[in-house]
Amino acid sequence: MRPDIQVSMTEADTDFERTASRSADDDRRANRGGITRHVVSVLWNRTEGRPRAFWRILGVYVAALVGIFVLPALALAGTELPPSVTGAATSLIGALVGLLLAVGFAKYVDRRPLTDYGLAFAPSWLKDFGAGSVIALVGMAVALPVSLLAGWATVFEVFSGGAGANVLPFAAAFGVYTVQWALTAFWEELVFRGLILTSAVEGLRSRWLSDRGAVVAGVVGSSLIFTIGHFPGSLGAFGFRMVLGLLLGAAYVWTDSLALPIGLHYLVNFAMNNIYGLSNVIEAAEAAMLIRPAFTGPSQFVQVYGLVNGAAVLCVVALTVGYVLLRNGDLKSRLSSTYLGGE
């Protein structure tokens with residue numbers, strides 16, 4: 001072989017190796033870029049410029065657990081306050097944390113107006129809140145007469161301040177519980193409905209799931225999170241909380257407002273614990289009650305998550321459906337936001 005031909009072939013081989021090496025480097029960079037884009041896509045919605053719904057929901061839930069459950073326990077550790085005052089202080093801390101959480105998420109994470117969480121205050125807001133309160137008060141009133149007529153309960157005391165060495169007089173304690181349950185309803189609805197349910201519906205909307213399907217799945221999913229967040233210790237407790245969560249979620253999407261669910265939540269808690277005395281648990285002995293019954297019937301019927309209280313909640317559901325039909329004329333979702341754009 002001629003020397004000049006051998007040199008040319010050597011140079012050609014070298015050029016081929018360099019080209020192959022550059023191609024391999026390009027492939028590796030492309031693969032790394034593809035993996036990075038995939039990871040970023042899982043975490044971040046580039047179109048909306050915010051984390052994806054799953055991570056927003058997880059962030060809200062973890063922040064709520066720390067700020068609303070851990071922080072009050074640390075702040076009130078070692079104090080010897082009356083039970084009503086302790087409950088109200090815990091609920092106040094929870095409400096403040098929930099509001100700060102909503103403000104922070106709206107501005108820095110969700111990038112949306114705070115009103116998107118059902119906080120568009122107007123005269124109709126107070127009307128829905130009042131309606132929810134009355135509906136819950138009337139619906140839960142069914143439970144006690146049923147137990148009394150069945151011989152499963154007797155009225156032990158009225159205007160009861162509660163038993164214990166550190167309880168307030170009835171009037172003072174009853175007033176404190178009024179505030180406590182209002183604050184509790186506010187932060188729980190803001191977190192579980194305003195923040196979590198809204199993000200769930202937005203995240204579930206896709207080519208495989210219609211807008212209606214996303215709303216239904218969002219209500220069910222947020223209700224499940226709400227139920228688990230209350231640490232139900234029995235099947236009855238789980239079912240009771242789940243039904244209540246579904247009602248509150250539906251009330252939110254039917255009205256695009258937290259007013260109705262806050263009113264419902266507020267009076268269900270207040271009626272069960274302090275008005276009708278339906279919380280048939282040991283801790284209830286310290287609570288101030290307008291009516292304090294003594295329950296003697298079968299536990300599956302008269303316990304706090306028993307069938308009688310469950311039936312009362314179903315009455316609340318029926319009354320809520322009736323109110324929404326009168327208010328809207330139908331049961332269609334009216335949930336809207338910066339990202340949904342209207343249903």
Side-chain angles (χ1 to χ4, degrees), residues 83-84 87-88 91 126 128-150 152-162 170-189 193 226-227 230 236-237 239-248 250-251 258-295 297 301-323:
S84 56
S91 296
L126 294 177
D128 285 342
F129 172 80
S133 300
V134 172
I135 287 170
L137 185 65
V138 172
M140 296 310 298
V142 171
L144 184 56
V146 169
S147 293
L148 292 173
L149 290 172
W152 296 335
T154 57
V155 175
F156 177 74
E157 190 178 7
V158 294
F159 302 108
S160 173
F170 168 76
F174 196 78
V176 173
Y177 280 117
T178 303
V179 175
Q180 173 189 335
W181 294 122
L183 293 171
T184 298
F186 171 76
W187 77 253
E188 288 196 2
E189 291 310 302
R193 254 59 67 177
F226 169 77
T227 301
H230 283 81
F240 187 96
R241 292 288 184 184
M242 191 68 186
V243 170
L244 187 58
L246 292 171
L247 168 64
L248 298 172
L258 287 179
L260 183 59
I262 288 176
L264 291 167
H265 197 153
Y266 172 35
L267 258 293
V268 165
N269 281 344
F270 194 25
M272 289 188 64
N273 290 281
N274 305 103
I275 297 178
Y276 305 130
L278 303 175
S279 295
N280 190 11
V281 292
I282 296 175
E283 294 81 0
E286 297 180 337
M289 294 183 187
L290 185 65
I291 302 172
R292 185 180 297 278
F295 293 96
F301 287 97
V302 300
Q303 65 178 334
V304 62
Y305 300 118
L307 295 177
V308 174
N309 287 348
V313 170
L314 293 180
C315 290
V316 175
V317 171
L319 292 172
T320 302
V321 169
Y323 172 74

Could you state the interatomic distance from [atom1] ([X]) to [atom2] ([Y]), rounded to the nearest 0.5 Å?
X	Y	atom1	atom2	result
L246	T227	CG	OG1	7.5 Å
L314	L244	CG	CG	11.0 Å
F174	M289	CZ	CE	11.0 Å

Shortest non-hydrogen contact from [X] to [Y]?
X	Y	value
N274	A288	ND2-O, 2.8 Å
W181	N273	CZ2-ND2, 3.5 Å
S160	R292	OG-NE, 2.7 Å
V304	N309	O-ND2, 2.9 Å
E189	L248	OE2-CD1, 3.2 Å
A251	L264	CB-CD1, 4.1 Å

The ring pair (Phe, Tyr, Trp, His ring centres under 6.0 Å) partners of F156 (sequence neighbours excluded) come to none
Taking ring pair (Phe, Tyr, Trp, His ring centres under 6.0 Å) as the definition, give me every residue that meets it alongside F301, ordered by chain and number, with sequence neighbours left out. W152
Walk me through whether Y177 and F170 qualify under ring-ring contact (aromatic ring centres under 6.0 Å, His included). CA-CA 10 Å; Y177 280 117; F170 168 76; 9.9 Å; no
Chi angles and distances behind the side-chain contact (heavy atoms from CB on, under 4.5 Å) call for D128, Y323: CA-CA 9 Å; D128 285 342; Y323 172 74; 2.6 Å; yes
What verdict does the side-chain contact (heavy atoms from CB on, under 4.5 Å) test give for F295 and Q303, after you've listed the backbone C-alpha separation in whole Å, the side-chain angles of each residue and the deciding distance to 0.1 Å? CA-CA 8 Å; F295 293 96; Q303 65 178 334; over 6 Å; no
For residues 131-146, tabulate all N or O donor-acceptor pairs below 3.5 Å that involve a side-chain atom, not counting sequence neighbours.
from, atom 1, to, atom 2, distance (Å)
S133, OG, F129, O, 3.0

Donor-acceptor contact present, side-chain Y266 to main-chain T184, <3.5 Å: no
Distance under 6.0 Å and angle within 45° of the ring axis: does R193 meet both against F226? yes
Verify side-chain contact (heavy atoms from CB on, under 4.5 Å) between I275 and L267, making sure each step is shown before the conclusion. CA-CA 9 Å; I275 297 178; L267 258 293; 4.1 Å; yes
